[in-house]
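Some notes on the structure that comes next.
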Protein chains: 2
Amino acid sequence: MNRDLRLSWTDVRDRIQARIFDRTYAPGDKLPKDDEIAEDFGCARSTVQRAMQDLSQSGIVERRRKGGTTVRADPVTRATVDIPITRREVEERGCKYDYQLIRREMEIAPKSVLARFGMKVPISLLHIEALHLADNRPYILEDRWVCTTTVPEIMNVDLAQKSANEWLVRNKPFSRCDMSFYATKASHDVAAQLDTELGDALLVIERTTWIGSEPITTVQAVTSPGYQLFTQG
Amino acid sequence: MNRDLRLSWTDVRDRIQARIFDRTYAPGDKLPKDDEIAEDFGCARSTVQRAMQDLSQSGIVERRRKGGTTVRADPVTRATVDIPITRREVEERGCKYDYQLIRREMEIAPKSVLARFGMKVPISLLHIEALHLADNRPYILEDRWVCTTTVPEIMNVDLAQKSANEWLVRNKPFSRCDMSFYATKASHDVAAQLDTELGDALLVIERTTWIGSEPITTVQAVTSPGYQLFTQG
DNA sequence: AAGTGGTCTAGACCACCTT
DNA sequence: AGGTGGTCTAGACCACTTG
């Protein structure tokens with residue numbers, strides 16, 4: 001076999017993608033099975049499998065055992081978002097990072113918070129409010145609830161020095177994370193703390209994490225005006 | 001070799017992840033090389049490789065040839081977002097979908113639009129404004145620019161019947177997509193078209209796509225009040 | 001220059017799903 | 001019940017990067 005003609009899995013992926021682009025395989029169409037594509041391209045089936053795995057993960061095709069591979073009829077635009085530790089994010093912008101703890105109390109969680117955890121029975125959680133600053137200006141205001149049954153150690157952490165954000169991500173990895181993004185109008189309180197105008201439009205990043213089926217924390221991060229979230233790659 | 005003890009790559013991934021969770025391997029630490037882990041677990045190196053590939057994609061570890069595998073020192077929370085065709089999104093909510101073309105004209109693109117394409121020389125693009133409705137109520141207001149040199153066929157499409165959104169995604173797949181999310185205050189015009197209050201906080205989804213290095217389209221989708229974007233599993 | 005991850009192959013068997 | 005994708009193995013070679 002000529003080595004110069006050997007195809008890599010990215011080559012295979014690109015060629016198949018090209019055939020989808022030019023509608024040789026149109027949305028909804030079934031692709032040949034891996035074996036046939038492999039023979040067609042003169043490569044091993046596992047190479048095709050690797051290519052298909054990538055196309056499947058990108059949301060371009062759907063694969064089913066016995067059902068074969070089909071081009072997604074309703075393509076979705078899939079993107080990944082990276083949310084770094086806030087301190088890192090600020091420092092990477094070349095700004096000075098500061099952090100202020102505003103509040104830290106055990107409280108009965110309101111229904112809206114319990115709902116994010118999928119819980120019904122009211123329980124007492126650690127409620128934290130904190131402000132992240134970039135170059136001495138308010139950057140993100142976070143309103144967080146931590147489940148102290150899952151993370152009892154948090155009670156011994158000095159949250160005036162290090163943000164719960166940072167401590168948790170370094171010490172309590174999660175196995176599941178739900179996020180959502182939405183816009184909100186700055187309330188009187190929020191406007192005061194973010195040093196902005198009442199009624200300003202602000203992006204909110206809401207995050208809830210679990211380890212196994214145990215809730216860890218849920219947080220609403222209200223960003224300062226003009227904040228923009230970008231996708232990766 | 002006992003088959004019941006055979007490990008799948010997900011088993012290997014989970015065990016390594018567990019060791020990262022319990023800080024056997026702490027952030028910044030170097031993991032043993034694949035060969036050693038494979039021998040340790042009694043599986044093939046490619047199985048370890050598959051597991052590592054997944055951990056790497058999740059942003060948990062970083063891998064470098066010769067450099068080995070290390071636990072990311074600054075963990076990022078990585079999430080994926082799916083943006084379906086608007087019609088699909090509305091229908092999946094069980095609502096009736098409608099669509100109105102508001103404007104369709106060739107225009108010289110303003111600098112802000114050119115910047116999204118990374119272009120400097122002003123050129124004429126197809127400017128489209130359209131409204132998507134759910135159950136007869138405004139849902140998303142889109143402001144789109146299409147590059148007619150890359151997609152000349154768009155000129156022959158009846159955009160009063162089918163949204164550019166839908167036609168493009170079905171007929172012009174892209175190879176690259178940049179997205180960003182931010183909040184904006186409803187201007188007088190936007191408020192009127194979305195049938196909401198002046199100054200309401202609205203989530204904007206901005207998207208720009210290319211095929212190879214050729215720009216296809218860029219769109220600002222202004223969502224109606226209360227719109228929320230969720231991440232996928 | 002050498003070490004480590006990345007990929008390819010060929011073959012086997014498994015698991016899930018559709019028919 | 002059978003077909004198709006998913007995974008595992010063992011071995012070989014490649015490609016990137018660091019010491």
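By convention in this document, chain letters (A, B, ...) are assigned in the order of the sequence lines, proteins followed by strands, and residues within each chain are numbered from 1.
A salt bridge between B:R88 and B:E166 is absent, with no side-chain N of the basic residue lying under 4.0 Å from a carboxylate O of the acidic one. A salt bridge links B:D98 to B:K96: at least one charged side-chain nitrogen sits closer than 4.0 Å to a carboxylate oxygen. A salt bridge does not link B:D34 with B:R65: every distance from a Lys NZ or Arg NE/NH1/NH2 to an Asp or Glu carboxylate oxygen is 4.0 Å or more.
One interatomic measurement links the two molecules: CH2 of B:W9 to P of D:dT9, which rounds to 14 Å at whole-angstrom precision. Atom CE in A:M52 sits roughly 12 Å away from atom C1' in D:dT4 (whole-Å rounding). Distance, A:R63 CZ to D:dG5 P: 6 Å, rounded to whole Å. Across the protein-nucleic acid pair, A:Q53 atom CD and D:dG6 atom P stand 8 Å apart, rounded to whole Å. Atom P of nucleotide C:dA2 and atom NZ of B:K33 are separated by 14 Å, given to the nearest angstrom. Atom P of nucleotide D:dT9 and atom CZ of B:R50 are separated by 14 Å, given to the nearest angstrom. Between A:D34 atom CG and C:dG11 atom C1' there is a gap of 16 Å when expressed in whole angstrom units. B:F41 places its CZ atom 16 Å from the C1' atom of D:dC8, with the value rounded to the nearest Å.
Side-chain contact check for A:R45 versus A:E39: every heavy-atom pair is 4.5 Å or farther apart.
Cation-pi geometry between A:R15 and A:F41 is met: the NZ or CZ atom falls under 6.0 Å from the ring centre, inside 45° of the normal.
Within the 4.0 angstrom heavy-atom criterion, base atoms lie near B:Q49.
Here B:K66 does not reach the OP1 or OP2 of C:dG5: none of its side-chain N or O atoms lies under 4.0 Å away. When the side-chain nitrogen and oxygen atoms of B:T69 are compared with OP1 and OP2 of C:dT4, none of them lie within a distance under 4.0 Å.
Listed candidates were D:dG5, C:dT9, D:dA15. Nearest to the side chain of A:R45 is D:dG5.
If you find the closest nucleotide of DNA chain C to A:T47 and to B:D35, the one lying nearer the 5' end belongs to B:D35. Between A:R64 and A:S8, it is A:S8 whose nearest contact on DNA chain C lies nearer the 5' terminus.
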